[in-house]
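What follows is one structure encoded as structure tokens, with my remarks underneath.
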Amino acid sequence: MLDINIIRQKPEWVKEQVARRNDTAPIEAIVAGDNRRREILQEVEQLRRQRNEASKQIGRWLGSLKKLTTDLQRAEAGQDVGQPVAGLRTQVMAMQANADQAKEETGQLGDRIDALTEELRQVEAELRQNMLWVPNIPHPTTPTGPDESHNVHHDPQGAAIPRFDFTPKPHWELGPQLGMIDFERGVKISGSRFYLLRGWGSRLQRALIQFMLDFHGNQHGYTEMYPPFIVRAQNFEAAGQLPKFFDNIYRDAEEDFMLLGTAEIALTNVHRDEILDEAALPIQYVAYTPCFRREKMSAGKDVRGIKRGHQFDKVEMYQFVHPDKSYETLEQMKQHAVDICEALGFPYRLVELATGDISYAAAKTYDIEIWAAGCGEWLEVSSISNCEDFQARRANVKFRPADGGKIQFVHTLNASGLALPRVMIGLIENNQQADGSIIVPEVLRPYLGGAELIK
RNA sequence: GGAGGGAUGGCCGAGUGGACGAUGGCAACGGUCUUGAAAACCGUAGUGGGUGCAAGCUCACCGGGGGUUCGAAUCCCUCUCCCUCCGCCA
């Protein structure tokens with residue numbers, strides 16, 4: 001969610017920024033709705049103020065009325081209350097008439113308030129819906145371009161691209177050959193884009209998950225989290241996945257539950273509706289979760305192997321930081337992801353995503369791609385984004401400055417650390433030997449009972 | 001799944017139709033006292049919206065939504081969540 005003030009003050013500029021992303025947003029409707037909202041608000045608040053005052057007056061009258069009535073009853077019973085019965089009777093009747101008339105008038109005020117409130121509710125609901133359809137403003141340093149072809153690829157780093165004196169096989173041949181991946185039976189169970197990891201395949205993935213969690217926890221200061229994998233729609237909205245990506249989400253037919261497409265969605269909401277102390281920042285979380293995606297938008301793409309499935313595992317880093325620190329943090333998180341690539345011995349390269357390719361909630365995103373020798377491709381294993389205050393606004397996560405300054409929104413960042421299937425592909429394909437066996441990277445051996453070779 | 005009890009400010013906890021944005025306590029912050037600290041005492045303090053250069057004024061918010069009423073933290077309906085007991089189950 002953007003700050004409505006930015007749209008109010010610079011609608012044309014916002015439109016340009018959205019256009020940079022090759023996207024559109026209902027800016028005109030938002031400006032109109034915002035104006036209408038304030039108009040109604042002022043009117044309805046004025047009326048409410050009148051009603052509040054009138055109600056208080058009625059309360060006072062009814063209080064006096066009660067006392068006078070008591071006096072009247074006592075006077076009628078012959079007690080001396082300091083006033084004659086007739087005078088009291090007149091006062092009681094006058095007071096009652098005042099109160100009745102005021103009730104009548106204030107009731108009419110109430111009717112107008114109700115009507116205006118109803119309109120206000122509609123205007124606000126529509127305004128909010130429109131606001132949800134405005135993507136984040138890209139950072140000035142995000143390369144401008146309508147699609148991924150404008151992404152900026154940096155030179156390869158890390159390990160050298162492996163050379164073989166035989167033709168390296170793709171993982172979809174090596175995996176089944178080594179009994180690590182069973183495509184046929186995965187499809188039998190759940191259909192296309194599903195597979196079964198088996199034996200070393202399953203163990204290798206588990207080892208990787210554990211290694212990554214340990215590494216980020218111990219080396220980079222992240223607190224490990226285990227979130228629910230099934231969450232309410234509200235969480236998706238806060239993270240910026242809804243309303244736009246409804247079609248890509250697996251949903252429960254009966255209840256308001258959705259399956260995570262990434263741990264980022266759950267982690268964004270850990271501190272929803274909280275005001276954090278500045279001293280608590282940065283908050284760093286790392287979580288392993290499976291990720292479920294319909295992949296409707298990628299129909300027919302990457303159907304071979306385990307590169308793109310409806311279910312995959314990922315270790316995700318997430319941070320809540322001070323707004324002044326978020327770009328510094330972005331670089332650090334990029335490094336945290338790179339460190340895993342280094343530790344596993346991958347050739348990798350950095351990609352700066354263009355405005356047309358960054359995710360809806362992001363202002364700036366880096367991708368990290370590793371080289372996979374068998375399929376001969378650079379595979380995206382990590383995406384590192386600074387969402388600035390976009391998600392924080394939707395999730396309502398703020399902090400109280402230590403110097404007593406105004407409460408403000410935190411910035412949030414997310415980074416894959418890393419996505420498992422593609423790491424598996426890289427390991428299998430890059431570390432293969434002529435006899436089809438696979439060398440296990442040293443850092444993983446402690447997690448695999450010391451095994452050096454998969455064969 | 002059945003029965004009952006709850007949800008109030010950072011925390012605890014009063015308040016059951018009218019001056020209540022809400023008594024009180026704790027924690028926090030500022031001050032007095034002290035060589036310093038503690039204790040004691042005095043004082044300040046919620047969030048969001050609208051408007052205004054500002055001071056301010058004003059509206060809303062007592063788990064969410066709806067209703068009754070001139071007026072709702074308070075009454076009614078409903079949803080969510082928490083607790084207790086029973087049943088069932090990995």
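Numbers restart at 1 for each chain; the letters A, B, ... are given by sequence-line order, proteins then strands. Predicted model only: the values in this text are computed from it and were never measured.
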How does protein contact run along nucleotides 15-20 of chain B, one letter per nucleotide 5' to 3', with B for base contact, S for sugar-phosphate only, - for none, heavy atoms under 4.0 Å?
---BB-
Expected string for nucleotides 52-63 of chain B under the B/S/- scheme (protein heavy atoms, under 4.0 Å, primed atoms plus P, OP1, OP2 as sugar-phosphate) is ------SBS---
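In this model, no donor atom of one side chain and acceptor atom of the other lie less than 3.5 Å apart for Thr70(A) and Gln73(A).
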Using atom types as modelled, flag every donor-acceptor pair under 3.5 Å from a side chain in residues 234-244 of chain A to any protein atom, sequence neighbours excluded.
from      : atom 1 : to        : atom 2 : distance (Å)
Asn235(A) : OD1    : Asn269(A) : ND2    : 3.3
Asn235(A) : OD1    : Arg272(A) : NH1    : 3.0
Asn235(A) : ND2    : Arg232(A) : O      : 3.0
Glu237(A) : OE2    : Arg128(A) : NH2    : 2.2
Lys244(A) : NZ     : Asp23(A)  : OD2    : 3.0

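Remark: Leu379(A) CG to Leu418(A) CG distance equals 12.0 Å, nearest 0.5 Å. Between the CD1 atom in Ile137(A) and the NZ atom in Lys10(A) there is a gap of 8.5 Å [rounded to 0.5 Å]. Here CG of Leu72(A) is found 6.0 Å from CZ of Arg89(A). Values are rounded to the nearest 0.5 Å.
A salt bridge is absent between Lys56(A) and Glu53(A): the closest approach of a Lys/Arg side-chain nitrogen to an acidic carboxylate oxygen does not fall below 4.0 angstrom. In summary, Glu274(A) and Lys398(A) do not engage in a salt bridge, as defined by a charged side-chain N under 4.0 Å from a carboxylate O. Salt-bridge check for Lys364(A) with Glu352(A): passed, with a basic side-chain N closer than 4.0 Å to an acidic carboxylate O. Salt-bridge check for Arg8(A) with Asp34(A): passed, with a basic side-chain N closer than 4.0 Å to an acidic carboxylate O. Glu12(A) has a carboxylate O that lies under 4.0 Å from a charged side-chain N of Lys15(A), or vice versa, which qualifies the two as a salt bridge. A salt bridge does not link Asp247(A) to Arg294(A): none of the charged side-chain nitrogens sits closer than 4.0 Å to a carboxylate oxygen.
Between His310(A) and Phe292(A), the distance from one ring center to the other does not fall under 6.0 angstrom. Checked against the 6.0 Å centroid threshold, Phe320(A) and His411(A) do not count as a close aromatic pair.
Nucleotides rA22(B) and rU16(B) have their C1' atoms positioned 14 Å apart, rounded to a whole Å. A distance of about 9 Å separates the C1' atoms of rG17(B) and rU69(B), rounded to the whole Å. When the C1' atom is compared between rG24(B) and rG36(B), the two are found 33 Å apart, to the nearest whole Å. Nucleotides rG64(B) and rC81(B) have their P atoms positioned 15 Å apart, rounded to a whole Å. Spacing of P atoms, rG65(B) relative to rU51(B), comes out at 23 Å, to the nearest Å. Look at the P atom in both rG6(B) and rA55(B): the space between them is 44 Å, to the nearest Å. Separating the P atom of rA54(B) from that of rC20(B) is a span of 30 Å, rounded to the nearest Å. Atom name P, nucleotides rG66(B) and rC11(B): the rounded distance is 25 Å, in whole Å.
We find that CG of Asp277(A) is positioned 11 Å from P of rC29(B), with the value rounded to whole Å. Going from atom CD of Glu255(A) over to atom P of rU80(B) covers 9 Å, rounded to whole Å. Arg400(A) places its CZ atom 14 Å from the P atom of rA45(B), with the value rounded to the nearest Å. Taking atom CG of Leu116(A) as the reference point, atom C1' of rG49(B) lies 17 Å away to the nearest angstrom. Taking atom CH2 of Trp61(A) as the reference point, atom P of rG71(B) lies 15 Å away to the nearest angstrom. Rounded to whole Å, the distance from CG on Asp100(A) to P on rG71(B) is 14 Å. Atom CD1 in Ile40(A) sits roughly 18 Å away from atom P in rG49(B) (whole-Å rounding). To the nearest angstrom, P of rU69(B) lies 15 Å from CD of Gln108(A).
Backbone-only engagement by Lys398(A) is indicated by non-hydrogen atom pairs under 4.0 Å involving sugar-phosphate atoms exclusively. Within 4.0 Å (heavy atoms only), Arg8(A) reaches sugar-phosphate atoms of the nucleic acid but no base atom.
Toward the 5′ end of RNA chain B lies the nearest nucleotide of Ile275(A), the other residue of the pair Ile4(A) and Ile275(A) mapping further downstream. Both Arg37(A) and Gly110(A) lie close to RNA chain B; mapped to their nearest nucleotides by heavy-atom distance, the more 5′-ward contact belongs to Arg37(A).
A donor-acceptor pair under 3.5 Å is formed between the side chain of His216(A) and the backbone N or O of Gly417(A).
Regarding contacts with the backbone of rC81(B), a side-chain N or O of Arg232(A) is found under 4.0 angstrom from either OP1 or OP2.
Applying the salt bridge (charged side-chain N to carboxylate O under 4.0 Å, His left out) criterion to Arg304(A), with sequence neighbours excluded, gives no partner residue.
For Ile407(A), counting side-chain heavy atoms from C-beta on, the closest listed nucleotide (rG48(B), rG49(B), rU51(B)) is rG48(B).
Classified by interplanar angle (parallel below 30°, tilted 30° to 60°, perpendicular above 60°), the ring pair Phe215(A)/Phe211(A) is tilted.
Base pairing in RNA chain B yields stems of at least 3 consecutive Watson-Crick or G-U pairs, both distances under 3.5 Å, namely B:1-7 with B:80-86, B:10-12 with B:24-26, B:28-32 with B:40-44, B:46-51 with B:56-61, B:63-67 with B:75-79.
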With the criterion being N/O to N/O and under 3.5 Å, what pairs connect the protein with nucleotides 64-66 of chain B, and how long is each?
from    : atom 1 : to        : atom 2 : distance (Å)
rG66(B) : OP1    : Arg121(A) : NH1    : 2.2

